[in-house]
Amino acid sequence: MTASLLHAQDIGISFGGLKAVQGFSLQLPAGGLYGLIGPNGAGKTTVFNLLTGVYRPDKGAMQLAAQNLMGRKPHEITAAGVARTFQNIRLFPNLTVLDNVRLAGQLRHRAGLGATLFRTAGYQRQEESLTRKCFELLGIFGMQDRAHELADSLSYGHQRRLEILRALATDPKVLLLDEPAAGLNPQEKKALALSIRQIRDRFQVAVLLIEHDMGLVMDICERIVVLDHGVTICEGPPNVVQNDPKVIAAYLGGG
Amino acid sequence: MSTSTPAATPPDLAPFRPVGPIGGMLPYVIGIALAFALQLLAPKFLDRYTARIVMDTGIAVILAVSLNIVNGMTGQFSIGHAGFMTIGGYTAGMITYYGSFFLWGSFAKHGAMLGSGEWLFAASCVVGGLVAAGLGYVVGLPSLRLRGDYLAIVTLGFGEILRVVLQQTGKVIDDGAALRAMPLTKWFPPPVGGAVGFDGIPKYTNLFWVYTFVTLTLVVAFRLKHSSLGRAMISVREDEIAAQAMGVNIARQKVLAFVMAAFFAGIAGGLFAHEGGVIISPKDAGFQRSFDYVIMTVLGGRGSISGVTLAAIILTVLPEMLRSVAEYRLIAFALLLIVMMLVRPQGLFGIHEIWHIRRKRA
Amino acid sequence: MADFTQTLMTAIAIGSLYALIALGYTMVYGILKFINFAHSDIVVLGGWLSYTIATSPLRVPWLGWQLGYNLNPQSPTPPLWVAVEILIRVMLLCGLIGFTIERLAYRPLRRAPRLNVLITAIGVSLFLQNLGQLDFVFGASPEKMPALLPSWELASFSFGSGESTRKVVISLVDTMIFATSAVLMLVLEYLVFRTKLGTAMRAVSFNTDTAALMGIPVDRVISFTFVLGSMLAAAAGFLYVMKYPGMNQPAHTVWVLLGLKAFVAAVIGGIGNVRGAVLGGFVIAAVEQFGAFYISSNYRDVYVFALLIGILLVKPTGLLGSPLREKV
């Protein structure tokens, strides 16, 4: 049993009187591919927001390997190695496809003001290697020929994929994907499932995936956590979760 | 899924890659040389009035392009830019006016072109810029907690507070003996003229210095925009949440934008204060002047350096040409703003530079 | 004690004015989520239109209409109904102007980014200011408003005795200002919280789209809100020139600062919150007047802005406001 890479313990948050997430726990191992599912409004994206520091958990603990994530700001958590995509696409519309990725990729290469304004040799080398690396990333989804187009001129499917590449450019250890298959047709979904697995293998990232498409989730996820009204109601490998009566009730509204 | 085929380096970087270590300095050197040429040739082709307009235009360009860093690149709506300009101008004026006396015994202009007097002036502009930058830091900090409308009001309030504070300053001291005898405590509040303005500043501003600083501003703005730092700033404007998720420290970017913009505004203020025929006064810190520069960024396209430069030129030159109908200037500006927001809210060029227009259509 | 009371009296009068103006800001922000920079210019209009109507000799003979009252600063004080008439006319006129502005400049931008509307508002503000300064409109020089109310003292208190007796006066003008403002504010309170229209206004301020789906005529409600706010602003302008008859020209800073401080009042009370605006108005007036008297009157404007910055840093939603969360 590999030690968990991303470790969340009993995290929770309330908005006013509403307990959006209550005591969520997760142990995501390095290289794991887990799924997070649940009916609408269950709190799945809220969990992502907690893990990435967008909301500060009211309680609990979060770690990435040995680093504490509790109370850290979003950009610090990303620097630590947790990257994400968004349920509603949040690309930078007025930046080019390449620039969207470069913005994420430059995280690890801080350029000083002086170097930038005088275009020192060091700065130029850095920019060049960054550009090469990001350009290569675009190749994963065949977007290299669109590198200089504005991000908002892409089709919906391409935008979703670009978001994944952008998150990947931050050199993460953990990748949180929020409904990456939303709006894709069945072939695209199959291709996406394959891509996610290949990304996990090639880049050695652990993946946590929110999805509504059960087929995709059951297909690629090793382990699934089910959330309903902010509470984890079931956790386990796909075949266990599929047959769990609480899960079925939650989705079909029984009881 | 396609297997990745490594392509050649995308041509994106090529036009902007300077040649060798000298390349880094080249644009600055070229700009300064052009400014020098302008200064030498001007008396042959331009009368004083036109030369004055050319200088005013240069100053406006510095202010508009620097405001663009805050308004256009990080998307923070600031209407207090004139405040930074004014504090820079007053600081620079104090240095040259009182400094001249302590160095050379007189308050007047000292030395020939590029003489020691002018270097004092240039240094005073830079110091003015640094002081303004410090103030930019102070103003930038509240910006971290505020969005849109609220930030606009706070920046407006800052300009007004500065105006009131400057109005409470003491009279300008023109008596040398009294000056020498003054104890240190009397320097606060600084004797910079109060409500009537700081009269007597030696008038050093000329085409060379204006356009040297214009070069500095334009090269810096341009290099900033097309750099990793620039991308980070623009991402703050585009989507703060996503920017943070991609590792951008938005607080740092926002404050940096304020500081940089204020620095150049302060320099422009120094140039303004030393311009012949100008008496810098507290009302120059007010929102009415700030609005002028906001209009330039809105017209030019918030984010486009060339667009904003063009707008600055148009909106400085045009009113001069239409002197006869001066009272309608502000009404025309106002209607321009309203119509632009209805018809073309992204300004003339949006976030793109003039030379990108064709590419965008593709 | 005398000074304190006098300062308090002034603060209450001025506070009423700030409250009236702040209500307009807060209502518009509540429904459209932007700062209507042009609101303070309606106040100016209110003041200058009052002057114009009061002093104009215009008659429309064949209708028997007296458009103006042909007064000047030397005229004897007219009967009370004249003041009331002028007030009503000014309010109606400005209501109409507010309606027009919303229709032409703001409605097309209903779905635009808020910053764009803010820029438009700045444009409208600049436009109105400078239009007013034109010679054929109000002109660019100060004028004196003729007195519409007799300068009676309604009550006076004496503090101290003998040499150090200080007299504090409650003037008719101040009382009328407070009374008129109070009446208007109570009418508004009733309107917003006890009528169907008011409920519609509040519904639109919570969620425009849902309100539309509920069958609320959103466009009409919004127009009405603007009209209402403009009418209150006009009243404030009228009352202001009653108290300070030495009127500065339309683009003078004094007017803009009046509006700006009222905006600060709205923010302090909690922007979007009607009762907060009233509270904020009095708080700002108190800070301004007491600060000017007890600390230094030179920095009068600074206190208000300093308070604004303080509130925005500590409790940005204001005294009575509620927090907003952005959905991620």
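Naming convention: chains lettered A, B, ... in sequence-line order (proteins, then strands); numbering from 1 in each chain. Not measured: the values here are computed from a predicted model.
In this structure, S124(B) has no side-chain hydrogen bond (donor to acceptor under 3.5 Å, both in side chains) partners at least two apart in sequence or on a different chain. Residues that satisfy the side-chain hydrogen bond (donor to acceptor under 3.5 Å, both in side chains) test with E188(A), not counting sequence neighbours, are R161(A), N185(A).
The number of heavy atoms from other shown groups lying within 6.0 Å of NZ (K190(A)) does not exceed 12. Other residues, nucleotides and ligands contribute over 12 non-hydrogen atoms within 6.0 Å of the OH atom of Y156(A). The environment of R56(A) atom CZ is sparse: at most 12 non-hydrogen atoms of other residues, nucleotides or ligands sit within 6.0 angstrom. The number of heavy-atom neighbours closer than 6.0 Å to CZ of F36(B), taken from other residues, nucleotides and ligands shown, is 12 or below.
Atom CG of D99(A) is separated from atom OG of S228(B) by 10.5 Å, given to the nearest 0.5 angstrom. To the nearest 0.5 Å, atoms CD1 (I241(B)) and CG (N49(A)) are separated by 8.0 Å. Separating the OG atom in S227(B) from the CZ atom in R102(A) is a distance of 10.0 Å, to the nearest 0.5 Å. Taken from CZ in R237(B) to CZ in F92(A), the straight-line distance is 13.0 Å, to the nearest 0.5 Å. Here the CD1-NZ distance, from I250(B) to K73(A), works out to 9.5 Å after rounding to the nearest 0.5 Å. Distance CE/M246(B) to OG1/T170(A): 6.5 Å, rounded to 0.5 Å.
Smallest separation of non-hydrogen atoms from Q106(A) and A232(B): NE2-CB, 3.8 Å. Of all heavy-atom pairs spanning E238(B) and L95(A), the tightest one is OE1-N, 4.1 Å.
Neither the backbone nor the side chain of A83(A) comes within contact range of chain B; no heavy atoms are under 4.5 Å apart. At a 4.5 Å heavy-atom cutoff, the contact between L107(A) and chain B is made by side-chain atoms alone. For L137(A), no part lies near chain B; criterion is any non-hydrogen pair under 4.5 Å.
No side-chain heavy atom of N94(A) sits under 4.5 Å from any side-chain heavy atom of I234(B).
When atom types are taken as modelled, the side chain of T116(A) and the backbone of L224(B) share no donor-acceptor pair closer than 3.5 angstrom. Checking side-chain atoms of R119(A) against main-chain N and O of R223(B) turns up a donor-acceptor pair under 3.5 Å.
Considering only heavy-atom pairs separated by less than 4.5 Å from chain B, the leading option among A79(A), P93(A), A121(A), A111(A) is P93(A). When the candidates S153(A), A167(A), G53(A), P74(A) are compared by the number of heavy-atom contacts under 4.5 Å with chain B, P74(A) comes out ahead.
With respect to R231(B), the side-chain contact (heavy atoms from CB on, under 4.5 Å) criterion is satisfied by exactly one of T96(A), N100(A), L103(A): L103(A).
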